[in-house]
Q: 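Dropping the structure in here first, questions after.
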Amino acid sequence: MRYDLVIFDNDGVLVDSEPISNTILAGYLTELGHPTAYEDSLRDYMGAATHRVHDLILERSGERLPADFDEVFHGRVFAAFERELQPVEGAVEVLEKLAADGVPYCLASSGSHERIRVGHRKTGLDRWFDESRVFSSQDVGRGKPAPDLFLYAAERMGVAPEKCVVVEDSPLGVQAAVAAGMDVYGFTAMTPAERLVGATGLFADLRDLADLLV
């Protein structure tokens, strides 16, 4: 392994949450008078913290979202997670291999700590991630595409940025990893390869990841 730390994104990489959350987000924004298709939500918000939703809606419409937007949105998402969330195919196998080989890993997600925990409890991935391995955009001042979250995770894990590799499925996440000075492998299961510009490499099946990192 040529890296000392593997940093996973969470949504879309470990838990198959992007179709769920973006369907809900598109529907809720449309309900509030900001027509948004599912494809629009994926393009504009996939991989981002919720403050990006507020920022773009304000920029485009001149209107602020309701004060309880985050609370309502997350409530709908968490309820849907409890009903239908599954781990991404191959996620368990990858984590098992990293653990068996003694390779340090963590996750750095735009989602809140609560969102991460709800998803991990539902999918059983919580067994692989204690609190010391979980980092959220809540922990830093700026979310992706700023490099802050990845740099924070590396610092907390005691590894230099250039010895880290990031696993991402969103353009914003790839941009953040590149800005942090880290290699980044782009997961193309949901995102077209041409949108992951700057990635060190691309792959479409999580079970292929381990071989890419050696």
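Side chains are part of it too, since the values below use all heavy atoms of this structure and drop only hydrogens, waters and symmetry mates. Count residues from 1 along the sequence.
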Q: Do Tyr105 and Val88 sit in one hydrophobic cluster, given that two such residues count as connected whenever their side-chain heavy atoms are within less than 4.5 Å of each other, even indirectly?
A: yes
Q: Looking at every non-hydrogen atom in both residues, tell me the closest pair between Ser132 and Met157 and how far apart they are.
A: O-SD, 3.6 Å
Q: For Ser110 and Ser137, which heavy atoms make the closest approach, and how far apart are they?
A: O-OG, 2.7 Å
Q: Roughly how far, to the nearest 0.5 Å, is NE2 of His34 from OH of Tyr28?
A: 10.0 Å
Q: Would you call Pro66 and Leu32 a side-chain contact if the rule is heavy atoms closer than 4.5 Å?
A: yes
Q: For Ser136 and Gly111, indicate whether the former's side chain and the latter's backbone hold a donor-acceptor pair under 3.5 Å.
A: yes
Q: Please report the C-alpha distance between Arg52 and Glu59 in whole Å, then the side-chain angles of each, then the deciding distance to 0.1 Å, and finally whether the salt bridge (Lys or Arg N to Asp or Glu O under 4.0 Å) criterion is met.
A: CA-CA 10 Å; Arg52 179 177 172 86; Glu59 177 184 315; over 6 Å; no
Q: Relative to Phe135, does Arg156 satisfy both conditions: NZ or CZ under 6.0 angstrom from the six-membered ring centre, and within 45 degrees of the ring's axis?
A: no
Q: Pairs in or reaching into residues 74-84: which pass side chain to side chain donor-acceptor pair (under 3.5 Å), with residues at least two apart or in two chains?
A: Glu31-Arg76
Q: Does atom CD of Glu194 have more than 12 heavy-atom neighbours, drawn from other residues, nucleotides or ligands, at distances under 6.0 Å?
A: yes
Q: From Phe73 CZ over to Leu65 CG, what is the distance, rounded to the nearest 0.5 angstrom?
A: 11.0 Å
Q: So, taking the atom named CZ in Phe150 and the one named CG in Leu5, what distance separates them when rounded to the nearest 0.5 Å?
A: 11.0 Å
Q: Going by side-chain contact (heavy atoms from CB on, under 4.5 Å), name the residues that satisfy it together with Leu212, two or more places apart in sequence or in a different chain.
A: Tyr185, Phe203
Q: Can you check whether Leu196 reaches Pro171 side chain to side chain, under 4.5 Å on heavy atoms?
A: yes
Q: Working to the nearest 0.5 angstrom, can you tell me the gap between Ile24 CD1 and Ile20 CD1?
A: 7.0 Å
Q: Would you mind listing every side chain to side chain donor-acceptor pair (under 3.5 Å) that reaches into residues 197-214, with sequence neighbours excluded?
A: Glu89-Arg207, Asp205-Arg207
Q: In a table with atom names and distances, give each donor-acceptor pair under 3.5 Å that connects a side chain of residues 94-102 to protein atoms at least two apart or in another chain.
A:
from, atom 1, to, atom 2, distance (Å)
Lys97, NZ, Asp101, OD2, 3.1

Q: Looking at CG of Leu149 and CZ of Arg142, how far apart are the two atoms once the value is rounded to the nearest 0.5 Å?
A: 11.5 Å
Q: Of all residues at least two apart in sequence or in a different chain, which pass the side-chain contact (heavy atoms from CB on, under 4.5 Å) check with Asp55?
A: His51
Q: With salt bridge (Lys or Arg N to Asp or Glu O under 4.0 Å) as the rule and sequence neighbours excluded, what pairs involving residues 2-15 come up?
A: Asp9-Lys144, Asp11-Arg115
Q: Could you measure the distance from the NZ atom of Lys163 to the OH atom of Tyr3? Nearest 0.5 Å is fine.
A: 9.0 Å
Q: Check whether Ser170 reaches the backbone of Gly173 with its side chain - one donor and one acceptor, N or O, closer than 3.5 Å.
A: yes
Q: Just jot down the side-chain contact (heavy atoms from CB on, under 4.5 Å) partners of Ala154, sequence neighbours excluded, or say none.
A: Cys164, Met182
Q: Please go through Met46's hydrophobic cluster and name the other residues, only I, L, V, M, F, W, Y counting, with side-chain heavy atoms under 4.5 Å joining them.
A: Tyr38, Leu42, Met190
Q: Taking the side chain as C-beta and beyond, is there a heavy-atom pair between Tyr45 and Leu172 under 4.5 Å?
A: no
Q: Sequence neighbours excluded, which residues qualify as salt bridge (Lys or Arg N to Asp or Glu O under 4.0 Å) partners of Asp16?
A: none
Q: Taking only residues two or more places apart in sequence or in another chain, which ones pass side-chain contact (heavy atoms from CB on, under 4.5 Å) with Val178?
A: Val174, Val184
Q: Using 30° and 60° as the class limits, which term best fits the ring planes of Phe78 and Phe81: parallel, tilted or perpendicular?
A: tilted
Q: Between Thr36 and Thr30, is there a donor-acceptor pair closer than 3.5 Å when you use the side chain of the first and the backbone of the second?
A: no
Q: Check whether any side-chain heavy atom of Thr188 sits under 4.5 Å from a side-chain heavy atom of Leu202, and report yes or no.
A: yes
Q: Look only at the side chain of Gln86 and the backbone of Thr123, and say whether a donor-acceptor pair between them is shorter than 3.5 Å.
A: no
Q: Of all the heavy-atom pairs spanning Asp169 and Gly12, show the shortest one and how long it is.
A: OD2-CA, 3.4 Å
Q: Would you say that Leu209 contacts Phe8 through its side chain, given a criterion of any heavy-atom pair below 4.5 Å between the two side chains?
A: yes
Q: Sequence neighbours excluded, which residues qualify as side chain to side chain donor-acceptor pair (under 3.5 Å) partners of Arg121?
A: none
Q: Identify which one of Asp183, Ile7, Leu151, Val166 satisfies the side-chain contact (heavy atoms from CB on, under 4.5 Å) criterion when paired with Pro161.
A: Leu151
Q: Please give me the minimum heavy-atom distance between Ala199 and Gly186, naming the atom from each residue.
A: CB-N, 4.1 Å
Q: What salt bridge (Lys or Arg N to Asp or Glu O under 4.0 Å) pairs are there with at least one residue in residues 34-50, not counting sequence neighbours?
A: Asp40-Arg43, Asp44-Arg60
Q: Which atom names give the shortest non-hydrogen contact between Asn10 and His120, and what distance separates them?
A: OD1-NE2, 2.8 Å
Q: Examine the side chains of Ser41 and Asn22 and answer whether a donor and an acceptor come within less than 3.5 Å of each other.
A: yes
